[in-house]
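These notes are about the structure you will find just below.
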Amino acid sequence: MARHAHGRPMTDDNHSTIDYSKTLYLPQTDFPMRAGLPEKEPVLVKRWQDMDLYRKLRESAAGRPKYVLHDGPPYANGNIHIGHALNKILKDVITRSFQMRGYDSNYVPGWDCHGLPIEWKIEEQYRAKGKNKDEVPVNEFRKECREFASHWITVQGGEFQRLGVIGDFKNPYTTMAFHAESRIAGELLKFAMSGQLYRGSKPVMWSVVERTALAEAEIEYQDYESDTIWVKFPVANLVVASVVDGQPAELNPDLSGRSLNLLDAHVVIWTTTPWTIPGNRAVSYSPRVAYGLYEVTAAENAFGPQPGEKLIFADALAEDSQAKAKITMKRLHGISAEQLANLVLSHPFKGLGGGYEFPVPMIAGDHVTDDAGTGFVHTAPSHGREDFDAWMDAAPGLRERGIDTVIPFTVDDAGFFTKDAPGFGPDRDGGPARVIDDNGKKGNANQSVIDELIKRNALFARGRLKHSYPHSWRSKKPVIFRNTPQWFVYMDKDLGDGTTLRSRALKAIDDTRFVPSAGQNRIRAMIEERPDWVLSRQRAWGVPIAVFADEDGNVLKDEAVNQRIMDAFKQEGADAWFAAGAKERFLGNHDASRWKQVTDILDVWFDSGSTHVFTLEDRPDLKWPADVYLEGSDQHRGWFHSSLLESCGTRGRAPYDTVVTHGFTMDEDGRKMSKSLGNTVVPQDVIKQSGADILRLWVVTTDYWEDQRLGKNVLQTNIDAYRKLRNTIRWMLGTLAHDDGAEVPVSEMPELERLMLHRLAELDEVVRQGYDAFEFKRITRALIDFMVVELSAFYFDIRKDALYCDAPSSVKRKASVQVVRHLFDCLVKWLAPMLPFTMEEAWLDRHPDAVSLHLDQFLQIPADWKNEALAEKWRKVRQVRRVVTGALEIARAQKVIGSSLEAVPVVTINDATLGSAISDIDMAEMAITSDLVIAHGHAPEGAFTLDDVKGVAVVVEKAEDRGLVKCARSWRYTADVGQDPAFPDVSARDAAVLHELKALGRL
RNA sequence: CCACGGAUAGCUCAGUUGGGAGAGCAUCAGACUUAUAAUCUGACUGUCGAAGGUUCGAUUCCUUCUCCAUUGGCCA
């Protein structure tokens, strides 16, 4: 309203009939100050999809060197969460940044489709319909899994594109495509043909609930209450080791005399898994622990150990142990490691169900400590990795002593005891006892074992213990170690060229660039330590281990068979393996009675570890190896790891040159986000409320190598920063509305313009280095600071006078418009990979006929833009300016002036360098004052100074007091207002401008 | 529990031969009304996670501790 009144021609005054604001080059733009991203972004997404921007990008980049970021496939089973958003935005920033820097940057999104979670969903649906999974033909089940995955691929693809991600969403890769399944099976066959694949028997983490073996990655530890028991193993006899340290051993008479004392003693073990007692085959001790023989002297209870019994304990644990059994003991004498090695025990269940007649040897193990228990470790090789290793290490010596080292299969896949556990298996009254039931609850196995131990007076004590115990990552139910036949890949087998899979992988890690670099040590440590690679899963939804094996686990090696399998998979998918008649179809002439078809499926990590094969290698738009893989740091154990092993096993090197990792997103207090805490940030909500570019701005300003924080406050900070940034762009657009494309040679530009070009040259390096190093926050920091501090508050503010008021012919104005054009082009393009929506919007506002900003390249900065000497000079100019603006602020606070144009600062300079720096500069223009007087000599009393700018003192005088008059057009106070009778209320400069405009017919 | 990482202003982050604690945003105040739900100017803000040590001097180097996250190891 006020503005309208101001602008209305005033007929009662003499010549003031002109609304001067209409004679100014004021910013003009439809680019709104308020973004409205939630409404605008979907329009741009549709525009990009309709024009097929991804294809246009490929066409425009044809022939350029390829840059390939290979997408780690998310699992296709739900809406995306903040982790997906972070991951995909980072990838998008990278692919776009390389595309705009001279590469053909292809991005093919992918999805991981096989595996347990989808199987579960389908099973869940079956249960809801009252169907039983086992009654459904396997290929019908697989079909439903496939459809489920397809659905979520569509959903997630839409969500990713809504984030602004540009990629080949029309032709993504999936691990369940027939082509992929064929290639995955083919890769497995490569391992088979090269002798790297073997069938082994190992205790693996087994989930009874899910009926499957689990990889280490699928295990998490949770608190769990276990039954603990102390079990007495009677000493059966003494042996003399036939060899000790490779030398025949002499029996020490003294040692044997004392040892004789042990014949009626018991060794006591402690375990938290009573059900593993039937699987016991040895007791481990440590040569580094001190042991003693103890005799019970008193017992509180009538049951359990009674006075006179002799028991062996680690000395450090004897006291704790007697307390558990409510007895007192006295120590008879110490027992040496040699003596322990000479003991042979018998199983506490000896004779039960006709079994357990075998001797139970003592074996030395480094895993034994005297921190807890009794100092003796019950060793059941089928139920623990350590137990298994200790047993296998001791096996050769045991076999020499005539001890059978075969590892029993005491528990079946449903958690029931087998015939290998006599008395507890099928021969038990009431049927086999069970360790864990279908719901993950404890079965009756522990109680059965404990009852039998009590019956045989073999239980020393019992209790309960809450401790962390392995659980399935998916079902959250406890798992057990269980000996099962599984398919493995050797880590340490010589591959015929002096290398092993492990040595190749370690070499590949050294050859890979890790960002941040700490990732290299992390994955190296994992590869150095890891056991052989377990590939088999006893599930349905996956690529089968498509091999035939004989009774002994030898794999059929016949290229013709392999080819038939791969061809069939390519045509029909991996379902072909499970179809009727598959065995005969693929075996051909081979003896079907000798070869057994393996029905296990591959661990899904093998699927995703093979994406480089069926995506990078097979697609002509990509290349192998990839330039970069980028995922969360948890993928050192997952995808980076499996891809590395797969590729090293089949191709001898990693499928990537660079690995970039990001941390995880926490809430504002640094806590993990979880639905139960209610502190999650849902990307869909942020997009709906603020826009994807806000989320993207957060991603690129954060230190994503570490964990990031996100919440209401953080989002608000980004919204504010975005607003600032957007307004700077808006002003440039408004200014460029008057851009007629005029070019002023750099040499003829004012210094201020050349300074801005110099800054662009500097920023160009920062931006390019930042994108090369994947350090986006360094770029955003530099650009935002530049836009706020150097453009908005300095350059633009100073240049408003020339840009708004100068004549069409003004070189200063032309040069400034040209520089604003360069600033706009550079900034909008530099920011385009990070804020694609906003920058596209700005670009289309300026070039309504343009196809897309994203088809453009970063500007090549001319060499003559850089001018360090000029920058050095202007650092001094700005120091002087700071003193002036400081002084103006004081004058303003004292109500001497309002606008800076009302002031004429008198600047006393006593510093030679500063004085010479400003000698040819129009400091009034720089300080946005109507005039500025430079004085020398002593500064007047009370002049304003700044501590850190020596030799500059400022006194602010009023322009009016100096006889200057305000120009009605430019609002500057000058001495020449009214000089031109045609325009008596404006300055000479403005009057001349008005004449020029009039001549051009624009007034 | 052990090893690697992190902790600097309300928020996001800089900060190396060991010497002055910084930027942007936010906040507050003022100005402008020709970027106007904008713009300009100024101000405030910190025991640099805690304690101890080395040193003339420590955010920086060392030790211990607390909290956070992550991966790996152990958990019989």
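So that the names make sense, note that chain A is the first sequence line, chain B the second, and so on, each numbered from 1. Because the structure is a prediction, the values reported are computed rather than measured.
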Nearest-nucleotide pick for [X], side chain only, options being [options]:
| X | options | result |
| --- | --- | --- |
| A/R34 | B/G24, B/C40, B/A37 | B/A37 |
| A/T702 | B/C13, B/A31, B/U71 | B/C13 |
| A/T701 | B/U12, B/C32, B/G30 | B/U12 |
| A/K724 | B/U12, B/G30, B/C25 | B/C25 |
| A/K800 | B/U39, B/C40, B/A31 | B/U39 |
| A/L24 | B/U41, B/U34, B/U39 | B/U34 |
| A/S633 | B/A76, B/U36, B/U70 | B/U70 |

| Pairwise salt bridge (charged side-chain N to carboxylate O under 4.0 Å, His left out) hits with a residue in residues 716-725 of chain A, at least two apart |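 Qualifying pairs, neighbours excluded: A/D720-A/R723.
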Tell me whether the OP1 or OP2 atom of [N] has a side-chain N or O from [X] closer than 4.0 Å.
| X | N | value |
| --- | --- | --- |
| A/Y804 | B/A35 | yes |
| A/K672 | B/U70 | yes |
| A/K777 | B/U12 | no |
| A/T272 | B/A76 | yes |
| A/T379 | B/A76 | no |
| A/K22 | B/U34 | no |

| request: For the residue pair A/D806 and A/Y25, confirm or rule out a side-chain donor-acceptor distance under 3.5 Å. | output: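 Checked: A/D806/A/Y25 side chains show no N/O donor-acceptor pair below 3.5 Å.
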| query | Does the side chain of A/H636 pick up a donor-acceptor pair with the side chain of A/T661 at under 3.5 Å? | reply | no
| Mind checking what makes side-chain hydrogen bond (donor to acceptor under 3.5 Å, both in side chains) contact with A/N521, not counting sequence neighbours? | A/R524
| field | Partner residues of A/T728 under the side-chain hydrogen bond (donor to acceptor under 3.5 Å, both in side chains) criterion, sequence neighbours left out | value |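 side-chain hydrogen bond (donor to acceptor under 3.5 Å, both in side chains) list for A/T728, sorted by chain: empty.
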Complement of [N], any strand, by Watson-Crick or G-U distances under 3.5 angstrom:
| N | value |
| --- | --- |
| B/C1 | B/G73 |
| B/C61 | B/G53 |
| B/A29 | B/U41 |
| B/U66 | B/A7 |

| Partner set under salt bridge (Lys or Arg N to Asp or Glu O under 4.0 Å) for A/E841, not counting sequence neighbours | A/K40, A/R726
| request: Scan residues 728-736 of chain A against RNA chain B and write down, sorted by residue number, each residue with any heavy atom closer than 4.0 Å; if none is found, say none. | output: A/R730, A/W731
Write down the protein N/O and nucleotide N/O pairs, taken from nucleotides 9-11 of chain B, whose separation is under 3.5 Å; answer none if there are no such pairs.
residue	atom	partner	partner atom	Å
B/C11	O2'	A/T717	OG1	3.4

